[in-house]
Number of protein chains: 2
Amino acid sequence: MAPRTADTSAETILHAASTLLAEEGPSALTVRRIAAAAGGSTMNVYSRFGGKDGVLDALYVEGFTWLGDAMRRVRTTSDPLADLTRCGRAYRSFALAHPTHYELMFDRYVPGYEPSPDAKAAAIRALSMLADRVRKAMDADQLRHGDPMATATVIWAAQHGPVSLELKSAGPPDTNWEGVHRVLTQAIINGLA
Amino acid sequence: MAPRTADTSAETILHAASTLLAEEGPSALTVRRIAAAAGGSTMNVYSRFGGKDGVLDALYVEGFTWLGDAMRRVRTTSDPLADLTRCGRAYRSFALAHPTHYELMFDRYVPGYEPSPDAKAAAIRALSMLADRVRKAMDADQLRHGDPMATATVIWAAQHGPVSLELKSAGPPDTNWEGVHRVLTQAIINGLA
DNA sequence: ACTATGCTATAACGGCGTTATAGAAGTGGC
DNA sequence: GCCACTTCTATAACGCCGTTATAGCATAGT
């Protein structure tokens with residue numbers, strides 16, 4: 001049974017790393033711990049992912065896949081502007097549900113890590129999902145016309161600001177971050193209309 | 001001449017660390033390199049700053065001091081709303097001029113580092129400088145009345161979003177970040193008026 | 001002059017990412 | 001059946017990190 005040892009496949013390693021990231025945060029993401037959690041040796045990580053950065057890239061893409069899915073799950077109604085507002089709420093929910101993935105994706109929590117071009121492409125793909133909804137709103141004359149990608153970037157930046165600060169609990173300790181996020185999202189959508 | 005060795009005072013160490021951070025980025029901030037750049041031994045860093053986190057705290061406070069100074073330098077006119085817009089520009093200029101300090105302050109670039117309560121207090125102090133200007137705008141009936149600190153946090157979040165993304169060159173490579181920042185700042189100030 | 005104190009530099013410890021090395025399992029030819 | 005040969009594995013080593021222990025030396029007090 002089993003080819004030779006326990007099945008330390010790429011999926012097993014990735015799952016172990018993802019769990020480690022979710023449960024103990026980025027500092028638990030060491031090659032030795034990932035390999036031990038997956039039941040294999042450190043070299044296994046190197047042969048399958050080329051090193052720590054390869055695993056981080058996979059987790060990065062995993063995060064953007066989840067974020068893209070969350071955006072996709074937002075229902076599309078006849079009011080594209082309301083849909084965009086709901087996208088904002090979904091964005092914040094994603095960040096609060098997967099804070100460590102969010103930090104890996106958007107704050108450079110892991111020191112030497114820089115996402116590979118492929119990984120960045122996955123990020124842009126998630127952004128274009130937002131751009132699609134922006135385009136819909138433009139077509140419905142609910143948003144000022146222009147480059148949908150550029151407008152989507154503005155909305156994204158308005159999301160990232162409060163969410164990023166909330167996750168690192170910056171600012172006054174009694175800050176109502178849900179309120180900050182709501183006000184900011186509303187202001188930017190009104191401002192672009 | 002000289003007490004005993006070269007003057008590896010706290011200021012010398014801090015200056016060496018700050019230069020290292022500015023010129024080579026956070027990854028150059030190792031205790032050994034800081035000590036060598038300051039002309040002393042590693043123990044020097046420990047006796048004067050208690051460890052690496054102590055130095056990071058000092059750099060963190062240094063960054064917020066600079067940011068506070070930049071906010072203070074924005075001229076105060078009879079149009080508080082225009083002053084706030086200028087504060088936004090000053091904020092982005094600061095981030096672009098001191099990107100590595102900004103990342104230390106706002107993105108958790110350095111892995112295990114968490115700012116001490118004192119350091120966080122310095123951050124809140126810089127934020128209340130923005131809150132003062134918000135209060136002025138409220139007194140002039142240019143902004144909706146409310147808690148100035150909360151409103152300042154909203155404005156801050158609107159600044160941090162685009163600036164943070166720009167610094168890590170996220171998003172489409174041809175993004176006009178100055179434009180994103182301008183649109184977002186204008187939208188949030190209009191939205192709060 | 002001599003002890004005591006405090007600061008210094010060096011060395012060591014455990015852990016990190018990564019690389020080199022050696023061993024075991026599978027494969028093809030004869 | 002047996003022997004190279006390839007391939008994947010696990011272990012150990014290297015140089016770095018933050019931190020701590022240790023030993024040396026300059027000053028202060030008497």
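In what follows, every chain begins at residue 1, and chains take the letters A, B, ... in the order their sequences are listed. These numbers come from the heavy atoms of this one structure, side chains and all, not from hydrogens, waters or symmetry mates.
- Ring planes of B:Y102 and B:Y91: perpendicular class, angle over 60° (limits at 30 and 60°).
- Looking at B:Y60, B:F94, B:F64 one by one, the single match for ring-ring contact (aromatic ring centres under 6.0 Å, His included) with B:F106 turns out to be B:F64.
- If you check the side chains of B:S116 and B:K120, you find no donor sitting under 3.5 Å from an acceptor.
- For C:dG6, neither phosphate oxygen OP1 nor OP2 lies less than 4.0 angstrom from any side-chain nitrogen or oxygen of B:R48.
- For A:N44, no side-chain nitrogen or oxygen approaches OP1 or OP2 of D:dC8 to under 4.0 Å.
- Taking side-chain N and O atoms only, B:S47 has no distance below 4.0 Å to OP1 or OP2 of C:dG6.
- Between A:E166 and A:R92 a salt bridge is recorded (basic side-chain N to carboxylate O distance below 4.0 Å).
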- Item | Protein proximity profile, nucleotides 16-21 of chain D - base contact B, sugar-phosphate-only contact S, no contact -, cut-off 4.0 Å on heavy atoms | -BBBBB
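- Atom CD1 in A:I13 sits about 10 Å away from atom P in D:dA10, given to the nearest Å.
- Using the six-membered ring where Trp is involved, B:W66 and B:H101 have ring planes that are tilted, between 30° and 60° apart.
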- Task: Take B:L84 and B:Q142 through the test side chain to side chain contact (heavy atoms under 4.5 Å, CB included) and record every step on the way to the result.
- Result: CA-CA 11 Å; B:L84 275 175; B:Q142 286 194 306; over 6 Å; no
